[in-house]
Protein chains: 2
Amino acid sequence: MPSPRPRTRIQARNSEAILDAALEVFSQYGFRGATLDQIAEVAGLSKPNLLYYFPSKEAIHIALLSGLMDTWLAPLRALHHDGEPVEEILDYMRRKLEMSRLYPRESRLFANEILQGAPRILDQIEGDLKALVDDKAALITTWIAEGRLAPVDPRHLLFSIWATTQHYADFDIQVHRVLGVEGDAPYAEATRFLTQMYRATLTPQPR
Amino acid sequence: MPSPRPRTRIQARNSEAILDAALEVFSQYGFRGATLDQIAEVAGLSKPNLLYYFPSKEAIHIALLSGLMDTWLAPLRALHHDGEPVEEILDYMRRKLEMSRLYPRESRLFANEILQGAPRILDQIEGDLKALVDDKAALITTWIAEGRLAPVDPRHLLFSIWATTQHYADFDIQVHRVLGVEGDAPYAEATRFLTQMYRATLTPQPR
DNA sequence: TGATGATTTGACCGAATGGTCAGCGGCAGG
DNA sequence: CCTGCCGCTGACCATTCGGTCAAATCATCA
């Protein structure tokens, strides 16, 4: 039984190929809709060979998800209490949007998992994620109390940032077809629009 | 071969039960991840009986999607050129949010279809949806030119409204677990937050 | 070079999948 | 009461599914 983490060069290469192919397939069809044959074909390996590196379909899925959560929360963790509050949150939004641009498959994998009821990451959502949100919401509340941020609901502010930024990854096709363009152009426009929207929302009004 | 639209009372009842069950299952697992046995069980019918009313799994899916698109676009169609621009768009946002609250399964079905590459509704996205967006974007541009709306990118404004409102249906579980609440409470809070955000974003600044 | 373990695969398995079909029961109209 | 059709089902089918295994091949190093 090979260890889940690669030890030899060839194990590293194949494990990575499998995870990459699995990300491709799972992110599009969800766990139940994806098949091992599909993943094997994308990875350029035979199905039994997949199962030589991972004991089951679910193990591949779990391997993807467990690595994903930390990556996904990193931008929010980087929301620091030093710096100008409005710009801090704008930076967070831009980091999140950049994640959607660079890692759309990861975003879709996450979306698929949530849509299916988050059976494999519910504890992390109720644990790590909730704790992190509580923490950052407290920080935002402090900023508001100091008058450095317009009074907004901190949690729904975060929800809206997640929603707007991930939309460009998850609904990628819709965005491109409605705009009638291809490539990364929507992200540049989105950066401008979202910067404008959140600046208007968050800038405190002296009165 | 029974016609797709019910003619007798019993056909109406069963067709509706099937579509309702299929909506339940498809919206959670996507087309490929859903099974006829699952739908049959939820509908309280036998699998062959499903296929007495619909010729195939795909036919059920198509029946759901074709009915969905019009319902889904109705709120945007109702964006009128009379009335105060800011309040018109706020009303649209609230209608969309109300749709998420009342029809979360429809929202998830749509999200699943887009995630999987929109194989069955791509033409409608490039056709009806794009045309509608172009039309309403022109209206918004007019409002901006008249100084009755802050200058924003109209299409990305619509994207952000879709994203934020549908988020409460599609990521329902995450929202509830992170907030630590159950029921419709998030929708009331979201209405307040989003009203505040879009009012701040859209209200023109006299200078 | 030979030995040894890592890697790969064809053949296969039982279960689940979408779908078919002959026929049964019941109900409506004559 | 008979007839005929609508609604429904159990049994079945071919394919695909996740997964196993023995055997073949490959790579490495003594």
- Message: For nucleotides 8-18 of chain C, give me one character per nucleotide, 5' to 3': B if any protein heavy atom sits under 4.0 Å from the base, S if the only such contacts are to the sugar-phosphate, - if neither.
- Response: BBBB-----SB
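Under the side-chain hydrogen bond (donor to acceptor under 3.5 Å, both in side chains) criterion, B:Glu126 pairs with A:Arg177, not counting sequence neighbours. Evaluation of the side-chain hydrogen bond (donor to acceptor under 3.5 Å, both in side chains) rule for B:Asn112 yields no partner, not counting sequence neighbours. For B:Asp82, there are no side-chain hydrogen bond (donor to acceptor under 3.5 Å, both in side chains) partners, not counting sequence neighbours. Residues passing the side-chain hydrogen bond (donor to acceptor under 3.5 Å, both in side chains) test with A:His61, sequence neighbours excluded: A:Arg120.
When the side-chain nitrogen and oxygen atoms of B:Gln11 are compared with OP1 and OP2 of D:dC6, none of them lie within a distance under 4.0 Å.
Per the geometry, CD1 belonging to B:Ile18 stands 11 Å off P belonging to D:dG7, to the nearest Å. Atom pair B:Glu41:CD and D:dT9:C1' shows a separation of 17 Å (rounding to whole Å applied). Atom CZ of B:Arg9 is separated from atom P of C:dC27 by 14 Å (rounded to the nearest Å).
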Under 3.5 Å donor-acceptor pairs involving side-chain atoms of residues 72-80 of chain B, not counting sequence neighbours:
none

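If you check the side chains of B:Tyr198 and B:Ser160, you find a donor sitting under 3.5 Å from an acceptor.
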